[in-house]
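Chain letters run A, B, ... following the sequence lines, proteins first and then strands; every chain starts at 1. Remember, it's a predicted structure, so these values are computed and weren't measured experimentally.
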Amino acid sequence: MLTKKQIRHVLDTIAKMFPDAHCELNHSNPFELTIAVMLSAQCTDQMVNKVTKELFNKYRTPEDYVRVPLEELEQDIRQIGLYRNKAKNIKKMCQILIEKYNGEIPRSREELVQLPGIGRKTANVIMSTAFGDPAIAVDTHVERVTKRLGICRWKDTPLQVEKTLMKKVPKEEWAITHHRLIFFGRYHCKAQNPQCHVCPLFELCREGKKRLNQKCV
DNA sequence: CTCCCGATAT
DNA sequence: ATATCAGGAG
């Protein structure tokens with residue numbers, strides 16, 4: 001496991017590597033962000049943006065999603081994958097937004113995770129990115145890189161990873177650190193071809209050494 | 001744990 | 001051909 005000092009070094013290093021890390025899901029309000037994050041499960045941001053470009057032009061309010069036939073919404077998001085579940089969840093969620101929340105996205109985690117298709121990770125993204133409230137969303141990238149670096153244990157669940165990060169990272173840095181970890185995982189410490197040679201964190205990364213000895217990337 | 005699932009990279 | 005992608009629900 002990394003020491004407090006080493007974790008500080010990780011945070012400073014990825015800050016230099018990705019000075020402009022940010023949310024890459026295109027959106028112009030909390031409602032659009034919520035739809036985009038729901039669509040993004042097991043799918044690239046790039047594909048989500050490709051689909052939402054037309055989707056957000058056609059659907060602007062929860063009412064728009066509720067009144068269209070399920071099969072039509074399914075076809076509108078088909079390229080995303082997992083489209084039947086996602087279409088169903090979006091329609092259900094919009095119905096609840098209208099009935100219980102005056103058509104607005106609620107702000108608390110308790111209310112967010114109650115909505116169909118929204119789990120803790122999606123709720124944290126909405127809290128942090130849409131409302132500016134402190135939260136760390138642990139997605140596939142955050143989980144992978146924190147485990148490779150030795151910030152977390154291999155057996156940790158996403159919730160345990162989140163708790164470790166909340167403990168080790170100053171609260172005012174949660175949001176930006178989350179985005180830097182995503183960028184680090186997406187563009188450098190990638191799942192398939194991690195750039196261990198040329199990695200500024202190689203010295204403290206146990207997984208990096210293991211990889212360069214065996215496979216040779 | 002399994003299922004949902006198309007697009008892209010390797 | 002197989003792995004992976006800003007996961008969630010049963």
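With hydrogens and angles disregarded, a donor-acceptor distance shorter than 3.5 Å links the side chain of A/Lys209 to the backbone of A/Phe202. Under a 3.5 Å cut-off, the side chain of A/Asn49 and the backbone N or O of A/Leu25 do not form any donor-acceptor pair. Side-chain atoms of A/Lys86 come within 3.5 Å of backbone N or O of A/Leu39 as a donor-acceptor pair.
Using a 4.0 Å heavy-atom distance criterion, A/Leu39 is classed as making no nucleic acid contact. Contacts of A/Leu25 with the nucleic acid, taken as non-hydrogen atoms under 4.0 Å apart, include base atoms.
Distance from the side chain of A/Asp139 is smallest for C/dG7 among the nucleotides B/dT10, B/dA7, C/dG7. Side-chain proximity of A/Ala191 to B/dC4, B/dG6, C/dC5: nearest is C/dC5. Minimum atom distance to the side chain of A/Gln192 is reached by B/dT10, of the listed C/dC5, B/dT10, B/dC4. Distances were taken from every side-chain heavy atom of A/Gln79 (C-beta onward) to each of C/dG7, B/dC5, B/dA7; the shortest belongs to B/dA7. Looking at the side chain of A/Lys50, the nearest of the listed nucleotides B/dT8, C/dA6, B/dC5 is B/dT8. With C/dA6, B/dG6, B/dT8 as the candidates, the nucleotide lying closest to the side chain of A/Met47 is B/dT8.
The separation between A/Asp76 atom CG and B/dC5 atom P is 16 Å, rounded to whole Å. Computed from coordinates, the A/Asn193 CG to C/dT2 P distance equals 19 Å when rounded to whole Å. Residue A/Arg84 contributes atom CZ, which lies 16 Å from atom C1' of C/dG8 at whole-angstrom precision. Computed from coordinates, the A/Asn49 CG to B/dA7 C1' distance equals 14 Å when rounded to whole Å. The CG atom of A/Leu159 sits 15 Å away from the C1' atom of C/dG8 (whole-angstrom rounding). The NZ-P distance, from A/Lys190 to B/dA9, rounds to 11 Å in whole Å. Atoms OH (A/Tyr83) and P (B/dC3) sit 17 Å apart, rounded to a whole Å. Atom CE in A/Met93 sits about 16 Å away from atom C1' in C/dA9, given to the nearest Å.
Taking the six-membered ring where the residue is Trp, the centroids of A/His22 and A/Phe183 are separated by under 6.0 Å. For A/Tyr65 and A/Phe31, the ring centers are positioned less than 6.0 Å apart.
Of the P atoms belonging to C/dG8 and B/dA7, the separation is 22 Å, rounded to the nearest Å. Nucleotides B/dC1 and C/dA6 place their C1' atoms 23 Å apart, quoted to the nearest Å. For B/dT2 and C/dA3, the P atoms lie 15 Å apart once the distance is rounded to whole Å.
To the nearest 0.5 angstrom, A/Phe184 atom CZ is 7.5 Å from A/Ile14 atom CD1.
For the pair A/Gly117 and A/Thr129, both in contact range of DNA chain C, the more 5′-proximal nearest nucleotide belongs to A/Thr129. Of the two residues contacting DNA chain C, namely A/Pro116 and A/Cys43, the nearest-nucleotide position lying further toward the 5' end is that of A/Cys43.
Residue A/Arg186 places at least one side-chain N or O under 4.0 Å from the OP1 or OP2 atom of C/dA6. Phosphate proximity of C/dC5 to A/Arg144: present, with a side-chain N or O under 4.0 Å from OP1 or OP2. Regarding contacts with the backbone of C/dA6, every side-chain N or O of A/Thr44 stays at 4.0 angstrom or more from both OP1 and OP2.
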